[in-house]
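Reminder, nothing fancy here: chain letters follow the sequence lines and each chain counts from 1.
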Protein chains: 2
Amino acid sequence: MHYIQNNEGHSRSDIASALKISKPTVSNIVDELLEEGWIREKESEKASSSGGRKPFQISFNENATYIVGIDIGGTSVEIAILNLSGDVLSKTNLDTQANVDNDLIKQIADRVHHLLDENEFEMEQIMGVGIGVPGITDVENGIVLDAPTVNWRDVPLQAEMEKLLHCPVYVDNDVNVAALGEWWKGAGKTDDNFLMITLGSGVGCGLIINGDLYRGATYAAGEIGYMVTDKNAAEKEYDQTFPGYGFLDSHVGGPSITKRMLRHLGEAEQKSEDWSAEKIFEMAMDGDATAKKVIEDFLSHLSYGLINVITILNPQQVILGGGVSRSLDHFLPHIIETIQKHLPIHTNISVTKVEDVSLIGAGYLLLKEHDSILKV
Amino acid sequence: MHYIQNNEGHSRSDIASALKISKPTVSNIVDELLEEGWIREKESEKASSSGGRKPFQISFNENATYIVGIDIGGTSVEIAILNLSGDVLSKTNLDTQANVDNDLIKQIADRVHHLLDENEFEMEQIMGVGIGVPGITDVENGIVLDAPTVNWRDVPLQAEMEKLLHCPVYVDNDVNVAALGEWWKGAGKTDDNFLMITLGSGVGCGLIINGDLYRGATYAAGEIGYMVTDKNAAEKEYDQTFPGYGFLDSHVGGPSITKRMLRHLGEAEQKSEDWSAEKIFEMAMDGDATAKKVIEDFLSHLSYGLINVITILNPQQVILGGGVSRSLDHFLPHIIETIQKHLPIHTNISVTKVEDVSLIGAGYLLLKEHDSILKV
DNA sequence: TGTTTAGTAAGTAAATCTAACTAACTGAAT
DNA sequence: ATTCAGTTAGTTAGATTTACTTACTAAACA
């Protein structure tokens with residue numbers, strides 16, 4: 001099954017020789033999978049130029065069943081229907097903060113039902129649901145241990161959502177889910193060892209190691225917000241952007257950029273505009289001295305953070321994502337230069353190019369965790 | 001086989017029910033393993049109190065074959081014969097630097113032959129050889145890519161050693177080998193996610209992740225000597241202890257401790273004694289102000305280094321090893337305190353208690369990499 | 001002597017193999 | 001145009017492998 005997913009339109013004979021199993025065995029399994037609807041076959045137009053019977057081209061049936069992917073973010077909850085190839089068929093979203101104190105789980109479940117109705121999907125066509133949550137999550141038991149943005153502590157999200165949706169639900173940390181998305185459909189497709197670093201209100205890291213998602217002993221791996229890139233600054237009372245945020249969070253998170261910018265400005269200027277991180281990046285590109293100083297500080301901390309994760313893990317590549325990363329393309333060469341000054345090994349660093357990477361990753365989470373013929 | 005190794009003296013029936021395979025199948029396999037000498041059986045003294053036939057107690061035969069473990073260090077090469085339980089049966093060593101320009105590989109092979117002769121082992125009784133090398137090593141191809149301490153670059157150590165010893169040889173980085181040793185016989189026995197950090201002339205980190213040794217994309221994972229714990233200091237020209245050494249190497253390595261101590265001393269004092277790191281640790285414990293300052297700086301950099309690896313990897317525990325770690329027991333509480341000040345998650349930190357951990361780990365490397373019934 | 005537990009023997013079931021077949025095509029000689 | 005050797009795809013049939021179930025014997029206890 002895995003081979004067919006990754007190799008469209010091969011014949012039974014191809015599969016037999018590629019997987020080194022006999023032709024009859026392949027035929028038996030293929031017949032069974034055809035019966036169950038997981039694959040399709042199509043007679044080939046042409047035979048090989050050297051003659052022979054025309055092969056039947058076996059293909060994965062990406063519409064055998066569908067997946068719902070959910071990405072719970074600080075500002076909005078994104079919901080999508082995906083097919084088995086990871087294509088987003090339809091999307092919707094709802095405001096997070098407006099619903100945080102209003103039974104958010106039920107609101108999300110309702111919106112899922114609504115999205116399915118709108119697109120004329122029956123619940124029976126849905127294989128299951130994958131959810132990315134901005135917090136530390138016990139994946140085995142489906143419990144959100146701590147997600148301050150949505151005010152969840154020890155919430156059995158999996159169980160509650162399964163009760164509402166009547167289908168399998170899997171839950172994981174949002175950064176891990178983004179890493180899964182990059183692994184399935186992004187720059188990490190061909191790699192077994194890479195890191196996904198998301199820059200949003202804080203900083204997080206998803207680790208694909210030895211061909212597996214690594215979650216840590218207590219599901220806290222990749223929480224690099226607590227990393228210290230400047231021990232003298234860390235020993236002083238540094239300015240935590242939010243309570244509970246770590247040193248690196250408070251230096252490379254989006255809000256921390258704004259906060260640092262405001263500190264450099266007069267009171268009048270502070271109020272005159274809406275100071276988003278994105279705007280400060282643009283000002284820096286346009287040559288504004290204050291903005292440049294703030295951004296340079298940000299870049300420096302980010303670069304040393306990257307040096308530290310790379311030096312520990314020696315990944316094939318590092319992919320940057322999250323809201324702040326959208327402004328980062330222009331500054332990437334500067335980051336890479338700093339890193340190369342300190343590290344003898346070369347590591348490819350890029351900014352994510354996948355749209356809806358978290359939704360796709362949430363779908364992949366389901367495929368990965370749920371026991372089925374499609375288990376990856 | 002794996003079950004028998006971990007469960008001494010169980011009966012065929014025990015094995016069948018524990019592994020959920022039928023009794024006849026267990027009997028067949030057990031007979032085969034007995035035939036081949038991998039296991040032994042012994043009639044039990046007593047039957048169960050509720051009656052029944054006396055069981056045959058099946059045990060792993062730890063002397064079915066033997067392993068040679070080699071640890072190549074900067075000062076000496078340690079060589080040991082191990083049985084399959086990881087017990088060191090006999091040891092020898094030779095001086096590294098004296099032989100570095102004198103065909104070190106051949107010297108080691110000769111010493112291995114000598115050790116075997118001395119203990120009346122035949123080459124046929126040796127399953128293979130595992131070697132830990134202080135440098136970056138391509139384990140797949142058995143090539144030492146870069147090991148400055150012994151002046152090796154792109155040395156096909158595996159192939160050359162196999163030619164000399166006529167048995168399977170496997171090669172890996174010394175820190176990885178130490179981690180394997182802790183995994184087999186040390187504090188990591190029951191854990192699937194832990195780190196082994198060795199403090200010697202530099203600092204290195206072996207990673208056991210998701211129940212597997214992680215070596216990185218280019219075998220450079222855990223080379224945390226390049227980590228930066230103080231970005232301001234790193235941006236200045238800091239004092240590299242040895243050329244090619246990284247920032248953290250130059251702050252927590254044994255020689256760096258000596259170097260920093262000497263800088264604080266007058267010329268007369270510098271020459272008056274042999275300033276080892278161990279001695280400076282002792283002086284600090286005895287209250288010497290200069291030594292205390294040097295050691296505190298060391299501890300601070302080490303603690304922040306630990307914070308950074310823990311925050312990325314969230315291991316079950318961190319084990320400290322290497323020459324410098326012998327002096328560390330007294331200072332461990334101080335390190336743990338610093339870490340807990342910055343990290344909300346708790347991680348167990350200890351100093352290795354296993355003797356010959358690298359030799360044992362080298363043996364485990366062979367068991368892990370070599371295709372045999374004992375493959376772990 | 002009946003009960004309990006360990007281990008063996010014989011037959012069964014499932015899965016996958018090999019070998020030989022049929023099916024269907026190409027292309028060159030007739 | 002027809003024929004046929006060569007080639008590739010896929011199927012059928014029987015052999016092999018592997019581990020299972022059932023039913024047995026062996027050896028203990030009380």
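- Residue A/Ser27 has a polar side-chain atom (N or O) positioned under 4.0 Å from OP1 or OP2 of D/dT11.
- Between the NE2 atom of A/His10 and the C1' atom of D/dG10 there is a distance of 17 Å, given to the nearest Å.
- Side-chain N/O atoms of B/Ser11 include one lying less than 4.0 angstrom from OP1 or OP2 on C/dG7.
- Classified by interplanar angle (parallel below 30°, tilted 30° to 60°, perpendicular above 60°), the ring pair B/Tyr364/B/Trp184 is parallel.
- No more than 12 heavy atoms of other residues, nucleotides or ligands shown are found within 6.0 angstrom of CD on B/Glu355.
- Taking atom CD1 of residue B/Ile29 and atom P of nucleotide C/dT8, one finds them 13 Å apart after rounding to whole Å.
- Taking a cutoff of 4.0 Å between a charged side-chain nitrogen and a carboxylate oxygen, A/Glu369 and A/Arg215 qualify as a salt bridge.
- Classification of B/Lys185 and B/Asp87 as a salt-bridged pair fails, no side-chain N sitting under 4.0 Å from a carboxylate O.
- Under a 4.0 Å N-O distance rule, the pair B/Lys368/B/Asp172 does not qualify as a salt bridge.
- As a whole-Å value, the separation of B/Asn28 CG from C/dA10 P is 12 Å.
- One finds no side-chain N or O of A/Arg12 lying less than 4.0 angstrom from the OP1 or OP2 phosphate oxygen of D/dT8.
- Remark: B/Glu8 does not engage B/Lys42 in a salt bridge, criterion side-chain N to carboxylate O under 4.0 Å.
- Using a 4.0 Å cut-off, some side-chain N or O of B/Lys54 falls inside it from OP1 or OP2 of D/dA28.
- In this structure, A/Arg12 forms a cation-pi arrangement with A/Phe56, its terminal cationic atom sitting closer than 6.0 Å to the ring centre and no more than 45° off the ring axis.
- One interatomic measurement links the two molecules: CD of B/Gln57 to C1' of C/dG7, which rounds to 15 Å at whole-angstrom precision.
- Residue A/Ser50 places none of its side-chain N or O atoms closer than 4.0 Å to OP1 or OP2 of D/dG6.
- In this structure, A/Ile15 atom CD1 and D/dG10 atom C1' are separated by 12 Å, rounded to whole Å.
- Near DNA chain C, meaning a heavy atom under 4.0 Å from it, residues 17-26 of chain A has A/Ile21, A/Ser22, A/Pro24, A/Thr25 in order of number.
- Per the geometry, CZ belonging to A/Arg53 stands 6 Å off P belonging to C/dA24, to the nearest Å.
- Going from atom CD of B/Glu43 over to atom C1' of C/dT5 covers 14 Å, rounded to whole Å.
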